[in-house]
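In what follows, chains are A, B, ... by sequence order, proteins preceding strands, each numbered from 1. All figures in this text were calculated on a predicted structure; none of them were measured in a lab.
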2 protein chains.
Amino acid sequence: MHFTTTEENYIKAIYHLQQGTGNVSTNDLAAELSTKPASITDMLKKLTIKKLLRYERYKGVRLSNEGEKLALAIVRKHRLWEYFLVNTLEFGWDEVHEVAEELEHISSKKLVEQLDLFLGYPKFDPHGDPIPDSQGRMAVQQQINLIDLALDIPAEVCSVGSQSTELLEILKHKQLGIGTKLEVKRKFSFDHSIEIKMKSLPAITISQQLAQSLFVKTISND
Amino acid sequence: MHFTTTEENYIKAIYHLQQGTGNVSTNDLAAELSTKPASITDMLKKLTIKKLLRYERYKGVRLSNEGEKLALAIVRKHRLWEYFLVNTLEFGWDEVHEVAEELEHISSKKLVEQLDLFLGYPKFDPHGDPIPDSQGRMAVQQQINLIDLALDIPAEVCSVGSQSTELLEILKHKQLGIGTKLEVKRKFSFDHSIEIKMKSLPAITISQQLAQSLFVKTISND
DNA sequence: ACTTATTTTTAGACAAATCTAAATTTAAAT
DNA sequence: ATTTAAATTTAGATTTGTCTAAAAATAAGT
Ligand SMILES: [Mn+2]
Ligand SMILES: [Mn+2]
Ligand SMILES: [Mn+2]
Ligand SMILES: [Mn+2]
């Protein structure tokens with residue numbers, strides 16, 4: 001079965017948005033793909049007929065097994081090309097995404113496998129995101145301690161180091177929690193406190209102790 | 001200015017067909033692109049507005065300077081990618097064309113330049129066709145003596161080693177001339193004669209003397 | 001529970017690239 | 001110079017992916 005670039009972009013967008021457990025909403029997809037909700041609905045119907053996803057009107061959408069297989073193949077290509085661009089062609093890691101958005105749609109199976117071989121079967125792309133292997137399997141996401149996160153890398157809190165009431169209290173007060181997206185802006189060597197920035201909030205400083213109890217993963221905006 | 005994959009394919013097809021001096025006909029383009037003449041006419045109008053070609057109805061078409069620049073950029077990408085596939089990813093030279101047909105439309109300028117650098121600025125692709133440099137310049141086509149042409153390589157007669165009446169006579173009789181497309185099928189070590197095959201004609205044998213007076217170039221069906 | 005707001009879907013339109021069938025222009029043949 | 005044939009262009013229709021505006025369904029607020 002062959003799919004258009006547009007169809008593949010929809011499948012990949014759904015894949016990224018469905019990582020939580022819930023269904024993906026039409027509006028979220030429209031935002032992700034920079035189109036209008038009406039266009040999303042049309043395409044969802046089309047992709048449902050092609051058996052790539054399970055969709056019920058007004059109830060959101062999830063990928064079928066078929067769809068997830070396709071999504072992983074595209075993500076695999078995207079991240080392998082990013083690795084190639086950075087490690088072989090000496091691109092900066094901040095300039096590869098756009099190019100990979102095009103390269104991920106090249107269809108040759110042999111190309112992907114030979115590229116993977118040539119690169120030495122890398123496990124993570126330049127942004128720290130895992131590269132699916134030819135079977136769609138990938139290494140578990142690296143969880144980095146927030147204290148070790150490099151400056152200006154978008155990340156998302158994915159686990160906490162303790163369940164204590166005291167930790168919960170301070171997290172609530174600072175508006176931090178599982179899923180919070182942030183970047184580290186400064187690190188102070190005096191007391192190892194760090195300054196972090198969350199979207200649409202002023203930067204705040206958190207202590208070494210607090211930072212050490214938070215684990216983050218780099219964000220796969222790929 | 002940005003162009004669609006389809007537009008680029010038209011430009012490249014016109015480039016390949018206009019290598020002689022005449023204008024390119026609608027029918028020839030339709031055959032080359034596997035579309036119908038009516039579709040060609042529509043697209044020619046569109047590309048004329050975009051100043052990529054000079055077209056007058058019923059009179060055929062040629063690329064403008066703009067169009068030729070674009071064509072050379074696409075051919076450059078196509079042949080660089082072919083070189084990459086064969087020399088870096090260990091493809092066979094017979095399995096790269098289809099893939100390069102897709103890769104030639106990736107738009108990143110930096111990608112092409114870095115790829116060229118990585119490959120060491122190759123001058124010819126795996127089929128012997130010259131690779132345009134970043135300015136669109138390319139090495140002159142290798143002219144191989146027919147006696148040295150390897151078996152089963154499609155080639156085209158591009159010059160003769162003498163202007164003698166005698167040579168002309170035998171060429172005419174064997175239906176050989178400038179532009180004749182052929183492949184060498186066998187080489188006989190006894191007298192160094194060779195058996196050649198021209199499309200839609202039975203194979204014929206020509207002498208060492210005749211073969212030595214013909215020069216061919218490998219055919220750029222890219 | 002009822003009203004309002006938000007989300008989602010439908011209906012109808014549009015641009016890109018293609019096709020078929022018919023009309024027009026150019027070329028070839030008598 | 002007509003007639004015939006071939007090449008090319010036009011006219012009208014189709015498919016894909018998108019849009020706007022209006023209708024329908026769901027969620028939120030009181
Ligand atoms: Mn990316
Ligand atoms: Mn990435
Ligand atoms: Mn080729
Ligand atoms: Mn080639």
Side chain of B:Thr6 (C-beta onward), nearest among C:dT18, C:dT8, D:dC19: C:dT18

Any A:Lys59 side-chain nitrogen or oxygen under 4.0 Å from OP1 or OP2 of C:dT7: no

Pairing of B:Glu56 and B:Arg62 as salt bridge, 4.0 angstrom limit: no

A:Tyr58 side chain, from C-beta outward: closest of C:dT10, D:dT8, D:dA24: D:dA24

Salt bridge flag under 4.0 Å for residues A:Arg76 and A:Glu113: yes

D:dT18 OP1/OP2 closer than 4.0 Å to side-chain N/O of A:Ser39: no

Contact nearer the 5' end of DNA chain C, comparing B:Met43 with B:Ala38: B:Met43

Among D:dT18, C:dT9, D:dT10, the nucleotide that comes nearest once only the side chain of A:Tyr10 is considered: D:dT18

A:Asn27 side-chain proximity, nearest of C:dT20, C:dT7, D:dC19: C:dT7

Short side-chain N/O contact from A:Lys36 to OP1 or OP2 of D:dT20, under 4.0 Å: yes

Proximal nucleotide (of C:dT8, D:dT8, C:dT9) relative to the B:Ser25 side chain: D:dT8

Heavy-atom neighbours of A:Gln19 CD exceed 12 at 6.0 Å: yes

Nearest-nucleotide comparison on DNA chain D, the residue closer to the 5′ end among A:Thr35 and A:Arg57: A:Thr35

Closest nucleotide among D:dT20, C:dT20, C:dT18 to the B:Asp42 side chain: C:dT18

Lys/Arg cation over aromatic A:Tyr55: A:Lys45, 6.0 Å, 45° cone: no

